[in-house]
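Here the structure is a predicted model, which means the values were calculated and not measured. We name chains A, B, ... by the order of the sequence lines, and we start the count at 1 in each one.
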Amino acid sequence: MTAPPLLQLRDLSVDFSTDMGIVHAVDRVSFDIGTDEIVALVGESGSGKSVIAQAIMGLLGVGGAGRNARTSGQLRFRGRDGAAIDLLTLDAEERRRLRGRDIGMVFQEPMTALNPVLTVGEQIAELLRVHAGLTRAQAAAEAVARLAEVGIAAPAERAKSYPHQMSGGMRQRVLIAIAMACQPLLLIADEPTTALDVTVQAQILELMRTLKRRTRMSVLFITHDFGIVAELADRVVVLYAGRMVEEGSATDIFASPRHPYTEGLLGAVPRLDLASDTIGAVAILPGTAPDPLAFPAGCRFHPRCTHARPGLCDGKAPAMTALAGARRFACHVRASA
Amino acid sequence: MASLFEASAAATPARRRRPLPAYVIILMVIGAVLVLNALLAPWLAPFDPDTTRLLRRLRPPSWLGGPSESWFGTDQLGRDLLSRCIYGLRTSLGIALVGTLIGCAVGTTIGLISGYLGRAVDTVLMMLVDIQIALPYLLLVLVGIAVLGTDLSVLILLISLHSWENYARLVRGQVLAVRALPYIEASEALGASTIRILFRHVLPNIASPLLVMLTLNFPAILLLESSLSFLGIGVQPPTASLGRMVGEGRHQMLAAWWLVVAPAALILMVTLTAQLLGDWLRDRLDVKTEK
Amino acid sequence: MSAQPLIAAEAVTKEFPLQGSMLPWRAHRFTAVENVSIAIAPGEVLGLVGESASGKSTLGRILLGLIQPSAGTVRFRGTDLRAIGGGERRAMRRALQIIFQDPYASLDPRLTIGAIVREGLDIHGIGAPGARDVKVAHLLGRVGLDAGFARRYPHELSGGQRQRVGIARALAVEPTFIVGDEPVSALDVSIRGQILALLAELRRSMGLSMLLISHDIGAISQLSDRIAVLYAGRMIEIGSRSQVLRTPRHPYTRALLAAIPVPDPSRRRAPPPALTDGASASPDRAGCVFAPRCPHVRPACTGSVPPLTVLESGHGTACLLQDELPPAA
């Protein structure tokens, strides 16, 4: 990690004002995404992982569901010229240009993210004409090449297909081709395999590995599945209720999780224990995710934590404890142990 | 085991109700005044609406120099215009309300049956809807009146036929959407009867769009009654109805403009109030507008 | 398995007409389930695995009598479901219940939790009307929910809590057989374990039989005595949990197992065997439906339907090449 990081999140906070009060969806989150690195952002529903992706994409505060969002902190992004810019201070036009060209995004639902009345070739070509300034003919030819790159067989014929004529896995490949069309520096993938079957998921993960090797782009992979994290990620950031609870290399996190929540999540991954025939040994994380309108005081995980100490964990929010090897975690109990 | 499931975590606060916007309160007050006027017509009207006094024909409103007891003036037969307006409101609101409700009930029933039973029943009922849409409505009314006469009940019957197919189509679509949901299947798995599923699960869950359509359909029906009466094929004299009053007054437009303006203004007020309340209700209930 | 099965499907097939033809008798048909036989013993949990549109949910609903098969019969305690009428039918309805995937859509948003759980009691007249609320409180307690939840509405509950309500609703009518249609797929990872543990506990204490349907073999394997694998409407493998997980005989089952991410970054594997992407919506049913994606495919595979051959151990596979394939990794 000698190269400076591609994206630095510094104290990123996002608040939503709703009819029922203010939701602190993301609370002072700081981490780096290095060049040529896959960072997995892990969390359950309500953890703020998708909100962080929207903040990076500049999709908050402009309309839709993110209309009532207020962001603070910094998102320092190192562009192609090497100069760092804060993504949060960009105006709408600069943001639009950055999206698609420097930062690409792949969504969870491959069905709705494509325009049903355009062929997939046209959708890729349109992007190439807008961002790369290609002519109509060049863009059409290039679109076929991009489809081949994401492993679609018979790309020339497939370019003439409409989204509904494709399987879920193929549509997700098309979305990746679209996100990759302008060779972005950063690809954000928001649970891109959740809607897919396991065999297709394995293929998509393999595709992302291949593309990353070939283009040396950085990937922010958002997921709730530690199995996928293990297959793909270099580094892992674990979120709980809008706050970072742990960060470290994938190997370290799996070998020795420090935060009790990370521990619980790892234990909850179903393992096909082929060696034993005993039934029932499912690891259980008790309780439910907290109400975003009323997060618990202190450590937000303490009501579900089996290690929580009264008077300590319900008082002050735990600060990040740094360890060797760029590992950090936020836990009162484990920090003092 | 119980300690494992801290499922009974802190209760989420019940959804707070948003306060009503000021214009909605004003509209509701206007609506209430109009309805009360219609309901209490026999006590509110200063004169009998049908009593003619030929010596006092076409008097202007009292504030334009007319007789002090007739605030809105009198019509071509010397009847008190204010009293006729109050009674006309009563007739028009009543016919429109009953017509709307009957149409809604018929359409909803057909839509429920069609959407839930599907198959051949659905095909036949939807064919009926298509026929109704293809039929020129005015022709239907003229034939109906020619055959059945100009009785008030005939008029209500014909008016209620005006938009049942809209309800039927809306309800059918909603039923199709709702019945595919797992909670309906759960009830089927529990052994619930079709009637129970329709009335306990399906109908309450499609009530919002239905209510919105009802509110928006009501002014249309009121205008329809007014138009028919204006054309002389609706409410028959001497009964006062807002549309009929406009129709009768239009010959004296230049000499006695109040004869047209008073009932026309009332029609406008009623329809506008209902329409605006309906629009607000639609936004409030977050019903997707489908056309 | 010598005892009479609790519920059994015998050679059931279900075809759905496809939209797009004006003439119903000329409409194209989509085969959701084809010639599947399956028997579940009292107290047994059978896992049913397959990708989306493999027909696993349809098969589950056929077993429950919610969908009529186009061909074949379903027997509940030896009696043909279609032959059951009147009071017996109501008893059958009580015995067969379902838990859904989507904890949001499976509860009527206009009813309180109490009314939802109570519905089965009302329909079947279980207990005196006055005593039913007590029974509801007891049922909620049974699934780990406080009795105070009876007054709440579904939107006030988290996903895991709603799934518990769905389970309580099914338990209310005292069933003997429950179909869980992706019972944990829509839940957060940390909640899945809770629900699976609850199902395991209910099965132990109440002797319930279950059919657990999932696209994720990992999610249900811990609870399943036997596992059946469905592909494009056909059963391609069935066996005990260890048979299917440890010695899978069908190439698809092997691909499925190989595709499950291993939660250990130090054991990152070689890419899984190249299955061609995307099963066609209507594969050629004259041969093996998996042939277009199979890495071991031979010309013989497309000619005839491979029969489900069952070994003495009870391990069944529908693959012509099953004895020639290399042993599973």
*asked:* Out of Val173(C), Leu111(C), Ile98(C), return the one with the most heavy atom pairs under 4.5 angstrom to chain B.
replied: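 Option with the top pair count is Leu111(C).
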
*With chain B, which of Ile99(C), Val179(C), Asp102(C), Ile123(C) has the greatest number of heavy-atom pairs at distances under 4.5 Å?*
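Option with the top pair count is Ile123(C).
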
*So which residues of residues 180-192 of chain B are in contact with chain C at a heavy-atom cut-off of under 4.5 Å?*
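The list, in residue order, reads Leu181(B), Pro182(B), Tyr183(B), Glu185(B), Ala186(B), Ser187(B), Glu188(B), Ala189(B), Leu190(B), Gly191(B), Ala192(B).
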
Pair [X], [Y]: side-chain N/O donor-acceptor within cut-off below 3.5 Å:
X	Y	value
His201(B)	Glu119(C)	yes
Asn166(B)	Asn217(B)	no
Ser92(B)	Glu225(B)	yes

Which region of [X], side chain (C-beta onward) or backbone (N, CA, C, O), has a non-hydrogen atom less than 4.5 Å from a non-hydrogen atom of chain B, or is it both or neither?
X	result
Arg61(C)	side chain
Leu64(C)	neither
Arg94(C)	neither
Asp122(C)	side chain

*In sequence, state the C-alpha distance, the side-chain angles, and the governing distance for Arg152(C) and Gln161(C), and then conclude on side-chain hydrogen bond (donor to acceptor under 3.5 Å, both in side chains).*
CA-CA 11 Å; Arg152(C) 305 254 203 106; Gln161(C) 290 166 342; 5.6 Å; no

*Take Arg142(C) and Ser205(C) through the test side-chain hydrogen bond (donor to acceptor under 3.5 Å, both in side chains) and record every step on the way to the result.*
CA-CA 11 Å; Arg142(C) 194 79 190 73; Ser205(C) 61; 2.7 Å; yes

*Segment of Arg196(B) engaging chain C (4.5 angstrom heavy-atom cut-off)*: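 Answer is side chain: those atoms of Arg196(B) sit under 4.5 Å from chain C.
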
_Quick check against the 3.5 Å criterion: does Gln97(C) have a side-chain atom that pairs as donor or acceptor with the backbone of Ala172(C)?_
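Side chain of Gln97(C) to backbone of Ala172(C): no pair is present.
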
*Checking Arg132(C) side chain against Ile126(C) main chain: does a donor-acceptor pair fall under 3.5 Å?*
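Checking the backbone N and O of Ile126(C) against the side chain of Arg132(C), a donor-acceptor pair under 3.5 Å is found.
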
_Short N-O contact, Arg82(C) and Asp80(C), less than 4.0 angstrom_ =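 Yes.
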
*asked:* Less than 4.0 angstrom from a charged side-chain N to a carboxylate O is my criterion; do Arg172(B) and Asp122(B) meet it?
replied: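 Yes.
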
